[in-house]
Amino acid sequence: MTQFTHKGSTVFDSEFERSLFDLRKSKLEEIEKLGQPAYPNQFPASHTVPEVRAKWGEATAEALEASRVTVAVAGRIMAIRGQGKAGFATLQQNGERLQIYVRLDAVGEQDFALYKLLDLGDHIGVSGYLFRTRTGELTIHVERLTFLAKAMLALPEKFHGLADVELRYRQRYVDLFTNLDAREVFVKRAKILKALRQFFDERGYLEVETPMMQQIPGGAAARPFTTHHNALDLDLFLRIAPELYLKRLVVGGFDRVYEINRNFRNEGVSTQHNPEFTMLEFYQAYANYHDLMTLTEELIAFVAQEVNGTTITNFGGVEIDLSKWTRLTMREAIIKFWPAQVADPPSWTSFADRQEFITCLRNALNKINPIVDERFEEWVRGGQKPDKDFRVTEHVIFEDSDLAELRIALAFIVGMMEAGKVTLGSAIAHLFETVSERHLIQPTIIYEFPTAVSPLSKQKPDDPEWVERFEFFCGGFELGNAFSELNDPVEQHKRFAQQLAERDRGDDEAHQMDEDYVRALAYGLPPTAGEGIGVDRLVMLLTGSKSIRDVILFPLMRPEKQLP
RNA sequence: GAGCUCGUAGCUCAGUAGGUAGAGCAACGCCCUUUUAAGGCGUGGGUCCUGGGUUCGAGCCCCAGCGAGCUCACCA
């Protein structure tokens, strides 16, 4: 404890805090002199604050006076108001508040001396009887006061709470008891997890846990984190997805499995990405992607109803009805959201012909801006990413920034294709993301994906260039991804080999070869459909949180200070 | 990784035209036995994110760095 007060300690931010800490320590000594331990180890409460509110929240002053209800309650002091030889304080417990009234002639000299030594943030226990004040507030008329623990640091400003976003994330423990809205998000998050489990448990799915440390990080296109096992002298990767293990379990005879756990992807952070995030994945034998579309619609509506009591959620000022879904193929979605007033969309046949697709996009580029720009052309030919000057210039030229974005994206796609750096399939997927994704505010299922970007999905029987896969979107971002699982070991081996070729071309997120997974398939995977849902994003949607960091208790932050 | 914005007391925020820093809450002392963003009187509290530069003089202007938010990129 003495270490705390040394200068240079990381605990204190200032001289103010250090002196406050010392002051609180001397108050603790005073409290001990009153016969109360500084750090007692229990308090026998008769009710929690929420229980008191639930039971007597509506009781009238007369009823309380007649029955003289006695309670013992513990909580943290969130407001304290002296009143000479009496005083009020507000206790908070489990996110709810209850006022207490302490007066000298009711508690006696000793307990009143204790009351005077209390500070904001302290934990206390009280016993007494319920009554209503003149203004009608339910209050405990305290008869005995028990000290429980001291706050040695100053609480944030009581009216605004902790407002600094950075501090809220870094010191979530303060955020949670000062901003009850923040607390509510995480209570709701727990309810969402519970509802998800209920949904799958009721349908005969088995909850399982598969390795987070993997030797071959597979099941998604992402860069992994690396780690090392000392005793085995083995490099390992934190998983980017549980997918390949869950399908091994289906091979093993668990027809319906689900896992809710963390994935780790070594990528940037944004309002929709945190390097570690929670993923729900589930697999169902004897089903295909159409079955999962229906299941997904039921699941999302069910969870919303369980958690919010309604399927309507408000996100970014827009009302989203999670019971009303639209289904579009990827190709339909590109054409639907294409700015047709400016240029013709890609023709249907161009989706199957690389050269025709390039020609279509070239034509569109020329219509969007017929002015020849040397730098632009050079850039298109090179298939390079835009530099900042270029982007800024584009924004000046185009009044409509969406069009400017579209032009850049088209140029990038055309450039990459002409340079032979990208397949037709991934160009189409890229075009979809550029043109359509931001418009998918209301619940939408996008199905039929290019085979080239779906190394683990089963092809459409009548068209091997496309797979039985869908993603679903709400609020303008992707929530989940599902497909009929590829269960032909020969085809799977071929796809992995193609991914290896992509890797050789410089795509370090292309899938790696997993021989054991192919072997598992060789034992026979029944026809199976599987799906992954980003739980954090689902929580965002159902709590109206615009940033993923608002639904993750301790989001990743850069270190605040240089560590010695 | 890029652009924009922000960083002032423990917290929430002002800070004019470049003239050496303020309020409320919190803290400390006193008064107050039904208050509730209690109130009244008084007191203390600052590396103005860090380091340079311009200037007679910088919280303010310039450069670099650190941290954060948003947007984009990466990425589902």
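Residue numbers start from 1 in every chain, and the chains themselves are labelled A, B, ... in the order their sequence lines are given, proteins ahead of strands. Nothing here was measured: the structure is a model prediction, and the numbers come from that model.
Between the side chain of A:Arg134 and the base of B:U34 there is no donor-acceptor pair of N/O atoms closer than 3.5 Å.
In the model, A:Arg469 has a side-chain atom that pairs as donor or acceptor with a side-chain atom of A:Asn481 under 3.5 Å. Residues A:Gln498 and A:Arg503 bring no donor and acceptor atom of their side chains to less than 3.5 Å of each other. Side-chain atoms of A:Gln442 and A:Thr326 include no donor-acceptor pair closer than 3.5 Å. Defined by atom type and a distance below 3.5 Å, a donor-acceptor pair is present between the side-chain atoms of A:Gln99 and A:Thr139. Remark: the A:Glu259 side chain and the A:Thr210 side chain contain an N/O donor-acceptor pair separated by less than 3.5 Å. A side-chain N or O of A:Asp550 and one of A:Tyr169 form a donor-acceptor pair less than 3.5 Å apart. Judged purely by distance below 3.5 Å, without hydrogens or angles, the side chains of A:Thr178 and A:Arg168 never pair a donor atom with an acceptor atom.
Proximity of the aromatic rings of A:Phe315 and A:Phe477 is defined here by a centroid distance below 6.0 angstrom, and this criterion is met.
The partner of B:G51 is B:C63, by the rule that a Watson-Crick or G-U pair needs both atom distances under 3.5 Å. If you check B:A73 for Watson-Crick or wobble pairing at under 3.5 angstrom, you find it has no partner at all. Using Watson-Crick or G-U wobble geometry with both donor-acceptor distances under 3.5 Å, B:A58 finds no partner in any strand shown. Under the Watson-Crick and G-U wobble criteria, each requiring two contacts below 3.5 Å, nucleotide B:A37 is left unpaired. Pair assignment for B:C28 gives B:G42, based on Watson-Crick or G-U wobble hydrogen-bonding distances that are each under 3.5 Å.
At a threshold of 4.0 angstrom between heavy atoms, the contacts of A:Glu433 include nucleobase atoms, whether or not backbone atoms are also involved. Residue A:Phe477 is classed as having no contact, given no heavy-atom separation below 4.0 Å to the nucleic acid. No engagement by A:Arg168 is indicated, since no non-hydrogen atom pair under 4.0 Å with the nucleic acid exists. Residue contacts shown for A:Leu104 are absent, as no nucleic acid heavy atom lies under 4.0 Å away. At the heavy-atom level, A:Ala222 lies under 4.0 Å from the strands shown only through sugar-phosphate atoms. Within 4.0 Å of A:Thr271, counting heavy atoms only, lie sugar-phosphate atoms of the nucleic acid but no base atom.
Only the P atoms considered, B:C11 is 14 Å distant from B:G7, to the nearest whole Å. Here, B:U55 and B:C61 have their C1' atoms 10 Å apart, quoted to the whole Å. Taking atom P on both nucleotides, B:G3 is separated from B:A64 by 10 Å, rounded to a whole Å. If you take atom C1' in B:G59 and the same atom in B:U8, they sit 7 Å apart, rounded to whole Å. Distance check on atom C1': B:G46 versus B:A27 gives 15 Å, rounded to whole Å.
Applying the ring-ring contact (aromatic ring centres under 6.0 Å, His included) criterion to A:Tyr289, with sequence neighbours excluded, gives no partner residue. In this structure, A:Arg97 has no salt bridge (charged side-chain N to carboxylate O under 4.0 Å, His left out) partners at least two apart in sequence or on a different chain. The side chain to side chain contact (heavy atoms under 4.5 Å, CB included) search around A:Ser67 returns A:Val69, not counting sequence neighbours.
Geometrically, A:Arg172 does not engage A:Phe554 in a cation-pi contact, judged by NZ or CZ lying under 6.0 Å from the ring centre and within 45° of the ring axis. Annotation: cation-pi geometry not satisfied between A:Arg132 and A:Trp56 (NZ/CZ under 6.0 angstrom from ring centroid, within 45° of ring axis).
Whole-Å rounding puts the A:Arg558 CZ to B:G69 C1' distance at 13 Å. Atom pair A:Met557:CE and B:G67:C1' shows a separation of 8 Å (rounding to whole Å applied). Residue A:Glu437 contributes atom CD, which lies 10 Å from atom P of B:A73 at whole-angstrom precision. Regarding A:Arg170, its CZ atom lies at a distance of 11 Å from the C1' atom of B:C66, rounded to whole Å. Rounding to whole angstrom units, CZ of residue A:Phe112 and P of B:C32 are separated by 11 Å. One atom, CZ of A:Phe21, and another, C1' of B:C28, lie 18 Å apart when rounded to the nearest Å. For A:Gln272 and B:G69, the CD to P distance is 15 Å, given to the nearest whole Å. Put simply, CD on A:Glu166 is 13 Å from P on B:C49, counting in whole angstrom units.
Along RNA chain B, the nucleotide nearest A:Leu556 and the nucleotide nearest A:Arg265 are compared for position; the residue whose nucleotide lies closer to the 5' end is A:Leu556.
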What's touching nucleotides 8-13 of chain B from the protein side, N or O pairs under 3.5 Å?
{"unit_1": "B:G10", "atom_1": "OP1", "unit_2": "A:Ser14", "atom_2": "OG", "d": "3.3"}
{"unit_1": "B:C11", "atom_1": "O2'", "unit_2": "A:Glu157", "atom_2": "N", "d": "2.8"}
{"unit_1": "B:U12", "atom_1": "OP1", "unit_2": "A:Ala163", "atom_2": "N", "d": "3.1"}
{"unit_1": "B:U12", "atom_1": "OP1", "unit_2": "A:Asp164", "atom_2": "N", "d": "2.8"}
{"unit_1": "B:U12", "atom_1": "O2'", "unit_2": "A:His160", "atom_2": "ND1", "d": "3.4"}

Sort me out a list of protein N/O and nucleotides 4-7 of chain B N/O pairs below 3.5 Å, or just none if empty.
none

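The neighbour count for A:Arg81 CZ, taken as heavy atoms of other residues, nucleotides or ligands under 6.0 Å away, is above 12.
Listed in residue order, the members of residues 88-99 of chain A having a heavy atom less than 4.0 Å from RNA chain B are A:Phe88, A:Gln99.
For A:Arg103, no side-chain nitrogen or oxygen approaches OP1 or OP2 of B:U34 to under 4.0 Å. OP1 and OP2 of B:U71 both lie 4.0 Å or more from every side-chain N or O belonging to A:Lys546.
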